[in-house]
2 protein chains.
Amino acid sequence: MIEFVKTCNRLSPLDEVASSELENKLKTRSLKKDQHLLTRTSICNHLFFIDSGLTKTYFNNGEKEFIMRFFREGEMFTVLDSFITQQPSTYAIKALEATEVSYIEQKDLEELCRKHHCIETFFRKLVSIAAVNMMKRISEMLEENASTRYAHFLKDNGHLLQRISLGDLASYLGITQVSLSRIRSQR
Amino acid sequence: MIEFVKTCNRLSPLDEVASSELENKLKTRSLKKDQHLLTRTSICNHLFFIDSGLTKTYFNNGEKEFIMRFFREGEMFTVLDSFITQQPSTYAIKALEATEVSYIEQKDLEELCRKHHCIETFFRKLVSIAAVNMMKRISEMLEENASTRYAHFLKDNGHLLQRISLGDLASYLGITQVSLSRIRSQR
DNA sequence: GTGATTATTTATCATTTGTAAAAAAACCGC
DNA sequence: GCGGTTTTTTTACAAATGATAAATAATCAC
């Protein structure tokens with residue numbers, strides 16, 4: 001079974017028919033480093049799975065860039081607001097390394113959700129996990145200062161530190177790169 | 001049809017059987033001002049709907065309090081991480097006014113989700129909307145300073161301003177009450 | 001390798017936010 | 001209405017973060 005479908009099954013078991021119909025809908029795409037998977041103002045019509053590589057989902061306000069999340073191999077994601085509302089995305093997705101993604105079209109997934117209850121259940125759980133992750137992020141941003149958030153990131157995502165630039169990490173933490181550099185130096 | 005079920009149908013149409021089975025599972029509870037709907041360390045076993053009143057979902061770190069969200073009449077919510085994982089909640093829910101809630105038990109909802117595809121679809125959409133709201137919150141917290149976040153809150157939730165204390169609003173914005181008072185004075 | 005480009009650190013100063021304490025205002029029970 | 005309680009504002013000072021510029025360090029193209 002292909003990795004995408006395995007990951008779905010791990011989250012919520014799919015019956016055989018659903019698994020194979022899902023697998024039949026999948027496509028793949030290769031991205032070079034710095035290439036966009038999704039640009040701002042275009043509609044996010046896909047649910048992605050990273051077979052290998054690393055991406056960031058981000059936006060910018062004209063001056064600064066802000067990173068919503070990094071996604072690495074084995075992770076499944078989309079830009080949820082655009083995906084659901086089918087409105088142009090305010091977020092863009094860019095590959096931070098050479099990256100291979102598998103994906104399914106939004107309308108195909110919607111159709112599979114209608115046809116197979118188990119796929120709807122899977123998708124519900126996927127969205128739930130995303131929501132829980134965001135709750136944690138909000139809690140951290142409320143409770144912790146930049147220095148603690150950095151320490152927290154190291155603890156949870158230390159392995160990513162080698163793969164992302166400090167500028168990107170600062171954009172994720174919501175501080176300037178200078179400020180992050182300062183925090184790193186006082187330890 | 002009862003308000004809870006109407007709101008579900010508005011989000012995602014339920015067939016008649018599902019609607020009536022859902023309605024049969026509902027219970028209600030009255031809360032006085034300052035009474036807890038959920039305490040920290042207990043498992044959130046309910047999906048709530050506010051018929052009237054106002055609540056806050058919050059946590060504290062021993063010293064300060066932080067507010068995840070306010071929910072007012074007509075809104076549906078739960079503490080998602082506890083609800084899904086059935087682990088003790090790190091968040092508590094308290095009524096800010098005399099409040100009437102309707103709710104369904106987690107296990108009843110799970111059962112209805114299994115039985116009625118349309119209820120699973122409704123629940124998926126409910127969680128999706130919650131996730132989209134949290135995306136917006138994270139974006140704002142990254143991009144905007146406290147002063148702008150306050151202005152933004154006024155714009156989006158001005159009607160709530162009369163109903164919540166400034167201390168609570170500060171806890172929601174992630175700043176101290178003194179800081180909020182300072183922001184308010186310079187306009 | 002070498003020079004150019006990009007990323008990171010350091011330094012300085014301005015601004016924002018936090019802390020603590022007190023004053024003022026609003027609210028509540030009787 | 002009065003006294004006590006809670007909420008909000010004000011003040012003064014400390015700490016954290018931002019902005020800008022310059023200095024190092026690392027990376028990349030050739």
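Heavy atoms only: backbone and side chains are in, while hydrogens, waters and symmetry mates are out. Keep in mind that this is a model prediction, so the values were computed, not measured. Chain letters run A, B, ... following the sequence lines, proteins first, then strands; residues in each count from 1.
- Here Tyr58(B) and Tyr91(B) keep their ring centres 6.0 angstrom or further from each other.
- For the pair Lys94(A) and Thr55(A), the minimum side-chain heavy-atom distance is 4.5 Å or more.
- Projected onto DNA chain D by closest heavy-atom contact, Leu180(B) and Asn145(A) fall at different nucleotides, the more 5' of which corresponds to Leu180(B).
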Donor-acceptor pairs under 3.5 Å, side chain of residues 112-123 of chain B to any protein atom, not counting sequence neighbours: which ones?
from	atom 1	to	atom 2	distance (Å)
Lys115(B)	NZ	Glu21(B)	OE1	3.0
Lys115(B)	NZ	Glu21(B)	OE2	3.2
His116(B)	NE2	Glu21(B)	OE1	3.2
His117(B)	NE2	Cys113(A)	O	2.8
His117(B)	NE2	Glu120(A)	OE1	3.0
Glu120(B)	OE1	His117(A)	NE2	3.0
Glu120(B)	OE1	Thr121(A)	OG1	2.8
Glu120(B)	OE2	Arg124(A)	NE	2.6
Glu120(B)	OE2	Arg124(A)	NH2	2.8
Thr121(B)	OG1	Glu120(A)	OE1	2.8
Thr121(B)	OG1	His117(B)	O	3.1

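- In this structure, CG of Leu169(B) is placed 14 Å from C1' of dT7(D), rounded to the nearest angstrom.
- Looking at heavy-atom distances under 4.0 Å, Ser179(B) makes contact with sugar-phosphate atoms alone, never a base.
- Within residues 54-61 of chain B, no residue has any heavy atom closer than 4.0 Å to DNA chain C.
- Summarising the geometry, the separation between CG on Asp168(B) and P on dT7(D) is reported as 9 Å, rounded to the nearest angstrom.
- Among the nucleotides dT17(C), dT8(C), dA19(D), the one closest to any side-chain atom of Ile175(B) is dT17(C).
- Comparing Ser165(B) and Val178(B) against DNA chain D, the residue whose closest nucleotide sits nearer the 5' end is Ser165(B).
- Distance, Ile183(B) CD1 to dG18(C) C1': 12 Å, rounded to whole Å.
- Side chain of Ser181(B), nearest nucleotide from dT9(C), dT9(D), dT19(C): dT9(D).
- Atom CG of Leu96(A) and atom C1' of dA7(C) are 15 Å apart (whole Å).
- The CZ-P distance, from Arg184(A) to dT17(D), rounds to 16 Å in whole Å.
- In terms of modelled atom types and a separation under 3.5 Å, the side chain of Ser185(A) and the main chain of Arg182(A) share a donor-acceptor contact.
- Donor-acceptor pairing under 3.5 Å is lacking for the side chains of Tyr103(A) and Arg29(A).
- The Leu166(B) side chain lies nearest to dT9(D) when the options are dA19(D), dT17(C), dT9(D).
- Atom C1' of nucleotide dC28(C) and atom NZ of Lys33(B) are separated by 11 Å, given to the nearest angstrom.
- One atom, CZ of Arg182(B), and another, P of dA21(C), lie 16 Å apart when rounded to the nearest Å.
- OP1 and OP2 of dT9(D) both lie 4.0 Å or more from every side-chain N or O belonging to Ser185(B).
- In this structure, Phe49(A) has its ring center at least 6.0 angstrom away from the ring center of Phe77(A).
- Look at CD on Gln177(B): it is 12 Å from P on dT10(D), rounded to the nearest Å.
- Ring centroids of Tyr172(A) and Phe153(A) are separated by less than 6.0 Å, placing the two rings close together.
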